[in-house]
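Residue numbers start from 1 in every chain, and the chains themselves are labelled A, B, ... in the order their sequence lines are given, proteins ahead of strands.
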Number of protein chains: 2
Amino acid sequence: MEREVAPVAGHDARPQRSDWQRNHEQLVAVAATLIDRDGAQVSLEKIAREAGVGSATLHRHFPSRRALLEEVFRAVVERFRLRADELAADDPRTGLVTWLEELTLSAADSRGLTAALEAAADGEPPAADSCHGMVREATVMLLDRARAVGAVRPEVSPDDLLALGTAVSLATEGDPAAARRLLRLAIDGVRP
Amino acid sequence: MEREVAPVAGHDARPQRSDWQRNHEQLVAVAATLIDRDGAQVSLEKIAREAGVGSATLHRHFPSRRALLEEVFRAVVERFRLRADELAADDPRTGLVTWLEELTLSAADSRGLTAALEAAADGEPPAADSCHGMVREATVMLLDRARAVGAVRPEVSPDDLLALGTAVSLATEGDPAAARRLLRLAIDGVRP
DNA sequence: AGACGAAATGGGGTCCCACCCCGTTTACTG
DNA sequence: CAGTAAACGGGGTGGGACCCCATTTCGTCT
């Protein structure tokens with residue numbers, strides 16, 4: 001799964017040097033480990049040190065913390081995309097709710113996924129290959145289905161749902177039970 | 001309103017020296033200004049510098065950033081407490097909703113209030129004189145009234161509502177329109 | 001008024017971090 | 001097997017949190 005790494009060239013150009021790829025993978029792997037152990041605000045210096053590269057190299061590979069998070073969580077997000085396809089076979093209503101819940105719980109406990117998904121805040125056109133972009137597409141798909149059977153209010157947008165998930169996971173980081181409770185509350189509404 | 005400052009002694013002891021009080025007030029005032037201008041993560045050094053005291057003094061007065069935020073927002077929170085009393089005269093349902101909305105909007109745009117209210121996360125027994133404690137009490141009161149007339153689901157707790165407000169304001173900092181939209185969504189629920 | 005002791009201060013120190021410069025090393029290419 | 005562009009990394013800069021301790025200031029007691 002990691003042996004074969006596509007060149008990922010900007011749009012053509014020549015592929016990166018082998019040491020570049022090695023360091024890149026090493027950095028992502030170490031970052032994943034440390035984020036899991038120490039949270040998403042581990043110092044970048046520490047990641048570089050642990051990966052055995054200079055801090056300059058890390059900064060050259062990832063211009064911002066978020067760029068690194070994006071790569072670290074790409075695999076997770078990819079699995080979510082597949083999960084969305086599974087859920088599309090379910091009842092549209094429970095499919096959407098399950099999707100939102102799994103997404104939110106995952107974000108609330110792997111501190112950092114939330115940040116990776118939050119890219120929207122930077123006003124970028126949600127690139128289809130970014131974490132945010134991928135999740136957004138899946139949400140659009142599931143929401144459309146739920147809407148078609150009248151399972152959600154018509155004025156609810158995909159971005160509303162994502163914002164809701166983000167909000168809940170931000171507020172309940174590290175407490176899955178609270179995350180689940182809060183999300184259900186928001187889905188059901190405060191009023192009876 | 002600031003001339004007369006109560007000693008605020010721990011429980012007895014002698015009152016603080018005048019220079020202590022002067023610096024304390026100065027620090028809170030400067031912090032309020034800078035937080036308003038630069039957001040709640042202004043460097044504490046900057047606040048100390050601007051206030052004309054050494055950074056050691058700031059740290060002696062406020063052992064943590066949150067301790068400083070607590071004092072900065074105490075006045076705001078006090079006004080909210082009064083507002084709660086006004087809203088208690090309203091229809092219980094709209095009273096509660098208005099309360100939550102005003103609280104959330106305020107938190108979402110004065111970056112920092114949210115953090116001051118978040119004290120709950122530290123598992124402290126919510127002291128009645130902390131920002132969190134005061135707001136919580138008001139919420140309990142308004143929620144009880146709304147519950148009495150069946151305007152909210154019985155399983156919704158005051159802490160649920162506060163968590164909801166916190167979540168929304170965290171996720172929509174600096175964007176009041178988004179905060180309002182998201183909160184309304186959560187109150188009404190995703191389903192029709 | 002004057003002096004004494006406790007309270008409070010702040011300059012400077014330590015440690016850590018993000019980010020960058022530039023001389024050196026390394027991998028590919030012909 | 002050279003030549004060259006790509007990539008590297010040690011070390012520098014600037015800043016922030018938090019702390020130590022010699023010094024100043026305040027309040028009090030005579």
Side-chain angles (χ1 to χ4, degrees), chain A residues 5-31 34-35 37-72 111-112 115-116 122, chain B residues 4-31 34-35 37-72 111-112 115 122:
Chain A
V5 180
V8 177
H11 52 308
D12 66 329
R14 72 196 73 175
Q16 278 93 352
R17 268 166 48 166
S18 62
D19 52 349
W20 191 96
Q21 288 202 356
R22 220 180 324 111
N23 284 335
H24 202 79
E25 286 162 27
Q26 176 69 0
L27 280 169
V28 172
V30 168
L34 293 190
I35 287 172
R37 202 188 64 194
D38 302 340
Q41 329 75 343
V42 240
S43 93
L44 301 179
E45 301 284 330
K46 192 174 292 181
I47 293 173
R49 227 177 299 132
E50 191 83 6
V53 306
S55 64
T57 296
L58 185 151
H59 285 285
R60 227 176 284 116
H61 279 250
F62 306 100
S64 69
R65 181 179 294 270
R66 179 166 297 156
L68 177 55
L69 293 180
E70 279 270 331
E71 286 228 15
V72 168
R111 318 173 63 88
D122 291 7
Chain B
E4 195 65 28
V5 179
V8 176
H11 51 308
D12 66 331
R14 73 199 68 175
Q16 278 93 353
R17 269 166 46 166
S18 62
D19 52 348
W20 191 95
Q21 289 203 355
R22 218 177 329 109
N23 284 335
H24 202 79
E25 289 162 25
Q26 176 69 1
L27 280 169
V28 172
V30 167
L34 292 191
I35 286 172
R37 204 189 61 193
D38 302 340
Q41 330 73 341
V42 240
S43 95
L44 300 179
E45 301 284 329
K46 193 175 290 181
I47 293 173
R49 228 177 298 133
E50 191 82 6
V53 305
S55 64
T57 297
L58 184 149
H59 285 284
R60 227 175 284 115
H61 280 249
F62 306 99
S64 69
R65 182 179 294 270
R66 179 168 295 158
L68 177 55
L69 293 180
E70 278 270 331
E71 287 229 16
V72 167
R111 315 174 64 89
D122 291 6

- Message: If I compare all heavy atoms of B:F62 with all of B:V28, which pair ends up nearest, and what's the gap?
- Response: CZ-CG2, 3.8 Å
- Taking C:dC17, D:dC18, C:dG10 as options, the one with an atom nearest any side-chain atom of B:V53 is C:dG10
- Message: With a 4.0 Å cutoff (strictly under), does any side-chain N or O of B:R65 reach OP1 or OP2 of D:dA17?
- Response: yes
- Which heavy-atom pair separates A:V42 from A:K46 by the least distance, and what is that distance? CG1-CD, 4.4 Å
- Assert: residue with more 5' nearest nucleotide on DNA chain D, out of B:S55 and A:G52, is A:G52
- Message: Rounded to whole Å, please give me the gap between NZ in B:K46 and P in D:dA17.
- Response: 10 Å
- Task: Whole angstrom is fine here: how far is it from CD1 in A:I47 over to P in D:dG9?
- Result: 16 Å
Would you list the protein and nucleotides 2-4 of chain C atom pairs, both N or O, that sit under 3.5 Å from each other?
none

- Message: Just to be sure I understand the geometry, which residues of residues 56-64 of chain A put a non-hydrogen atom under 4.0 Å away from DNA chain C?
- Response: A:A56, A:H59
- Rounded distance in Å - CG (A:L27) to P (D:dA7): 14 Å
- Task: Would you kindly give the CD-to-C1' distance between A:Q41 and D:dA17, to the nearest whole Å?
- Result: 16 Å
- Query: Expressed in angstrom and rounded to an integer, what is the separation of B:L44 atom CG from D:dG16 atom P?
  - Reply: 10 Å
- Shortest non-hydrogen separation from A:S55 to A:E45 and the atoms involved: CB-OE1, 3.6 Å
- Note on the structure: Rounded to whole Å, the CG-P distance (B:D38 to D:dG16) equals 11 Å
- Query: Does D:dA7 have OP1 or OP2 sitting under 4.0 Å from an N or O in the side chain of A:N23?
  - Reply: no
- Side chains of A:L34 and A:E50: does their closest heavy-atom pair fall under 4.5 Å? yes
- Task: Round to a whole Å and report the spacing from CD of A:E50 to P of C:dC17.
- Result: 13 Å
- Task: Find the distance A:E45:CD to D:dG10:C1' and express it as a whole number of Å.
- Result: 12 Å
- Between protein and nucleotides 24-30 of chain D, map the contacts as a letter string: B base, S sugar-phosphate only, - none, heavy atoms under 4.0 Å, written 5' to 3'. -BSS---
- Message: Before you tell me yes or no, could you show the steps for B:R65 and B:L68 under side-chain contact (heavy atoms from CB on, under 4.5 Å), namely the whole-Å CA-CA distance, both residues' side-chain angles and the distance that decides it to 0.1 Å?
- Response: CA-CA 5 Å; B:R65 182 179 294 270; B:L68 177 55; 5.7 Å; no
- Message: Hydrogens and angles aside, do B:H24 and B:Q16 bring a side-chain donor and acceptor to less than 3.5 Å of each other?
- Response: no
- What's the shortest heavy-atom distance between A:V72 and A:A31, and which atoms? CG2-CB, 3.8 Å
- Which heavy-atom pair separates A:L58 from A:A48 by the least distance, and what is that distance? CD1-N, 3.9 Å
- Query: Looking only at heavy atoms, which two atoms of A:A115 and A:L69 are closest? And how far apart?
  - Reply: CB-CD1, 3.7 Å
